[in-house]
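Heads up, the thing below is written out as structure tokens.
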Amino acid sequence: QVQLVESGGGLVQAGDSLKLSCVASAGTLSDRAMGWFRQNPGKERELVGAISSTGVTTSYADPRQNRFIISRDNARNILYLEMKNLKPEDTAIYYCAARNSPLLNLVLREYAYWGQGTEVTVSS
């Protein structure tokens with residue numbers, strides 16, 4: 001069983017940066033692919049990006065973007081989402097999720113474990 005806890009969200013202004021963290025309070029993440037997703041009220045949860053268990057491979061919903069960077073520290077059981085040049089449309093609750101596999105996957109239903117989310121609000 002894996003329990004995930006996100007942190008690092010908050011209220012920022014457009015153009016600011018934030019770095020979200022996702023810690024496993026139970027279980028090990030080192031053999032699991034991980035993902036970051038986000039959701040706004042009334043909308044479906046959407047992928048931000050994902051990372052393989054080793055951290056060697058990452059993939060993002062928008063492969064052209066360079067504002068969001070996913071990384072991980074397996075020694076500390078932590079997943080990160082670094083967000084730069086934030087925009088009001090990035091406002092959402094951000095969730096981390098873990099797979100029962102080391103292989104990166106972009107499909108929401110492939111993730112077995114979810115955190116409770118951390119809220120990010122970007123003002124214009």
Report yes if the side chains of Ile93 and Thr118 come closer than 4.5 Å at any heavy-atom pair, otherwise no.
no
Under a 4.5 Å cut-off applied to non-hydrogen side-chain atoms, are Leu47 and Tyr60 in contact?
no
Could you give all pairs that pass the side-chain hydrogen bond (donor to acceptor under 3.5 Å, both in side chains) test and reach residues 82-93, with sequence neighbours left out?
Arg38-Asp90, Arg67-Asp90
Mind telling me whether Phe37 and Trp114 have parallel, tilted or perpendicular rings, with 30° and 60° as the class edges?
tilted
Measuring from atom CG of Leu4 to atom OH of Tyr113, what distance do you get when rounded to the nearest 0.5 angstrom?
9.5 Å
Roughly how far, to the nearest 0.5 Å, is the CD1 atom of Ile78 from the SG atom of Cys22?
9.5 Å
Check the hydrophobic clustering (I, L, V, M, F, W, Y; side-chain heavy atoms under 4.5 Å; chains of links allowed) and say if Tyr94 and Val2 are grouped together.
yes
Quick one: pull up CG in Leu20 and CD in Glu119 and give me the separation to the nearest 0.5 Å.
12.0 Å
As an exercise, state the distance from CH2 of Trp36 to CE of Met83, rounded to the nearest 0.5 Å.
8.0 Å
Under 3.5 Å: donor-acceptor pair, side chain of Arg72, backbone of Ser52:
yes
Does Leu104 share a hydrophobic cluster with Met34, counting links as ILVMFWY side-chain heavy atoms below 4.5 Å and allowing steps through other members?
no
Any link between Leu79 and Val5 through a network of hydrophobic side chains (Ile, Leu, Val, Met, Phe, Trp, Tyr) touching at under 4.5 Å?
no
Partner set under side-chain contact (heavy atoms from CB on, under 4.5 Å) for Ser71, not counting sequence neighbours:
Tyr80
Could you grab the distance from atom CG of Leu29 to atom SG of Cys96, nearest 0.5 Å is fine?
8.0 Å
Donor-acceptor under 3.5 Å (Asn105 side chain, Tyr111 main chain):
no
Side chain to side chain, Ser59 and Leu106, heavy atoms closer than 4.5 Å:
yes
In terms of hydrophobic clusters joined by side-chain contacts under 4.5 Å, are Phe68 and Val122 together?
yes
Flag yes if more than 12 heavy atoms outside Gln39 fall under 6.0 Å of its CD atom; otherwise flag no.
yes
Taken to the nearest 0.5 Å, the spacing of Ser21 OG from Glu6 CD works out to 10.0 Å
Residue pair Ser124 / Pro88: nearest heavy atoms and the distance that separates them:
CB-CG, 3.8 Å
May I ask you to test the Arg32-Asn100 pair for a side-chain heavy-atom distance under 4.5 Å?
yes
Quick one: list whatever passes side-chain contact (heavy atoms from CB on, under 4.5 Å) with Thr28, sequence neighbours left out.
Ser30, Asn77
For a side chain to side chain contact (heavy atoms under 4.5 Å, CB included) check, start with the C-alpha distance between Leu81 and Lys19, then their side-chain angles and the critical distance, and finish with the verdict.
CA-CA 6 Å; Leu81 175 63; Lys19 189 171 185 177; over 6 Å; no
Do Ile51 and Leu18 sit in the same hydrophobic cluster, where Ile, Leu, Val, Met, Phe, Trp and Tyr count as joined when their side-chain heavy atoms come under 4.5 Å apart?
yes
